[in-house]
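Contents: one structure, followed by commentary.
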2 protein chains.
Amino acid sequence: MTRAESETLLRSLGLRPTPQRMLILQAILNSPGHISAEHIYEQVREEYPHINISTIYRTLELLKEHHAISVTDLGQGSVLYELLKEKRHHHMVCLSCGKILEFDHRFLEPLETALEKEYRFKAQIDHFAIFGLCADCLLTGSRPIRKVSLWDRDPVGRDGKGEEDD
Amino acid sequence: MTRAESETLLRSLGLRPTPQRMLILQAILNSPGHISAEHIYEQVREEYPHINISTIYRTLELLKEHHAISVTDLGQGSVLYELLKEKRHHHMVCLSCGKILEFDHRFLEPLETALEKEYRFKAQIDHFAIFGLCADCLLTGSRPIRKVSLWDRDPVGRDGKGEEDD
DNA sequence: CTCCATTTTGCAATTAGTTGCACTTGCATA
DNA sequence: TATGCAAGTGCAACTAATTGCAAAATGGAG
């Protein structure tokens with residue numbers, strides 16, 4: 001993405017296209033997938049060493065509010081940012097192996113519809129992270145980092161203790 | 001909940017029932033709804049002034065891992081904790097008025113089923129927070145704190161600019 | 001081009017939450 | 001009751017993210 005394009009995007013959001021914001025946007029746009037604030041900071045600093053980390057966070061907050069980017073906690077210690085494209089997607093995060101898979105927004109449409117019908121609540125689901133166990137880990141029987149729920153256990157207990165630690 | 005009951009709960013999770021943990025658990029159990037780590041800290045300190053905040057966080061992490069409590073960011077600056085009961089529920093958070101509504105776990109079952117069928121991914125959804133606009137705010141036309149998506153806009157533009165700031 | 005109101009930034013301080021490490025406690029076993 | 005050791009705690013240092021405020025940059029009007 002060129003300077004001109006990021007300037008256009010910023011103006012279309014009603015934001016001033018400052019040099020800092022252009023560089024932040026380009027860092028996000030040129031990143032293949034998710035990117036952290038710290039990583040954006042490093043990239044922008046190469047071109048604009050004077051930039052302050054709080055400018056990064058403030059710009060990201062603005063872009064989020066305008067639904068130009070998504071903000072997701074994939075459980076990696078810091079939050080990740082991504083350009084929101086027309087075709088929304090979400091993520092499944094494996095609690096056992098850490099694998100991150102993608103699923104299409106259409107999987108969430110029944111939920112959106114149901115909440116709207118039942119509660120007249122208009123959900124704004126930009127980007128979800130759903131934690132659980134992936135196919136591989138279920139097959140190989142790898143033990144999850146997080147435990148199975150207290151309440152999910154078979155009441156007769158024929159599925160074992162389920163109490164071992166990692 | 002009595003001392004004996006929290007001791008039993010801790011033991012059933014394979015955790016040592018230390019005085020600190022008993023008090024933390026009782027603070028959660030005696031709280032009507034969601035409770036913050038800071039609030040738990042204050043409550044526990046009344047009985048056990050020596051307790052350290054990191055013990056609170058570590059205990060909460062353990063209880064989360066064992067699916068004994070849920071951990072949810074309702075967008076209030078700090079994360080909230082709640083006892084996980086057999087009947088799971090989730091929340092809708094209004095971006096305009098801040099109202100917090102509840103919905104039953106059955107609304108998420110189609111999603112769980114679809115992800116399992118399509119990807120063999122076993123989702124572990126303890127507690128969700130879904131942001132959006134509540135019925136009241138949609139009716140009164142209150143402006144959301146967060147904007148409508150760039151990509152949701154009517155391509156012919158007959159629904160107005162949608163670009164105004166708060 | 002200059003002036004001015006408004007927006008944006010840098011900076012320093014602050015908050016929520018986490019971590020490494022040494023000390024303490026709980027509890028199983030003798 | 002005493003002992004050994006894993007589990008748990010306190011402490012201090014650290015990280016990610018946020019905020020108030022004064023200075024600087026932006027963009028429109030003259």
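From a predicted model like this one, the values you see are computed outputs, not experimental measurements. We name chains A, B, ... by the order of the sequence lines, and we start the count at 1 in each one.
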Side-chain N or O of [X] closer than 4.0 Å to phosphate OP1/OP2 of [N]:
X	N	answer
A:R21	C:dT8	yes
A:Q20	D:dA25	no
B:R11	C:dG26	no
A:S54	C:dG10	no
B:T18	D:dT9	yes

Inset, instruction - Return the 5'-most residue of the pair B:Y81, A:T55 with respect to DNA chain C, ranking by each residue's nearest nucleotide. - result: A:T55

Inset, instruction - Could you state whether B:I51 and B:L60 fall into the same hydrophobic cluster, counting links through intermediate Ile, Leu, Val, Met, Phe, Trp or Tyr residues with side-chain heavy atoms under 4.5 angstrom apart? - result: yes

Legend entry - Distance-only donor-acceptor check, side chains A:H91 and A:E102, under 3.5 Å: no

Legend entry - Donor/acceptor link under 3.5 angstrom from A:R16 side chain onto base of D:dG28: no

Legend entry - Base C:dG10 to side chain A:R58, donor-acceptor N/O within 3.5 Å cut-off: yes

What is the distance, rounded to the nearest whole Å, between atom [atom1] of [X] and atom [atom2] of [N]?
X	N	atom1	atom2	value
A:Y41	C:dT9	OH	P	14 Å
B:L60	C:dT18	CG	C1'	13 Å
B:E61	C:dG17	CD	P	12 Å
B:I53	D:dT9	CD1	P	14 Å
B:I51	D:dC11	CD1	C1'	13 Å
B:D73	C:dG17	CG	C1'	12 Å
A:Y57	C:dA12	OH	C1'	16 Å
A:I24	C:dG10	CD1	C1'	13 Å

Inset, instruction - Assert yes or no for the condition that the ring centre distance of B:H127 to B:H67 is strictly below 6.0 Å. - result: no

Inset, instruction - Report yes if the distance between the aromatic ring centroids of A:H89 and A:H105 is under 6.0 Å, otherwise no. - result: no

Inset, instruction - Kindly assign one of parallel, tilted or perpendicular to the pair B:Y48 and B:H50, based on the angle between their ring planes and the thresholds 30° and 60°. - result: tilted

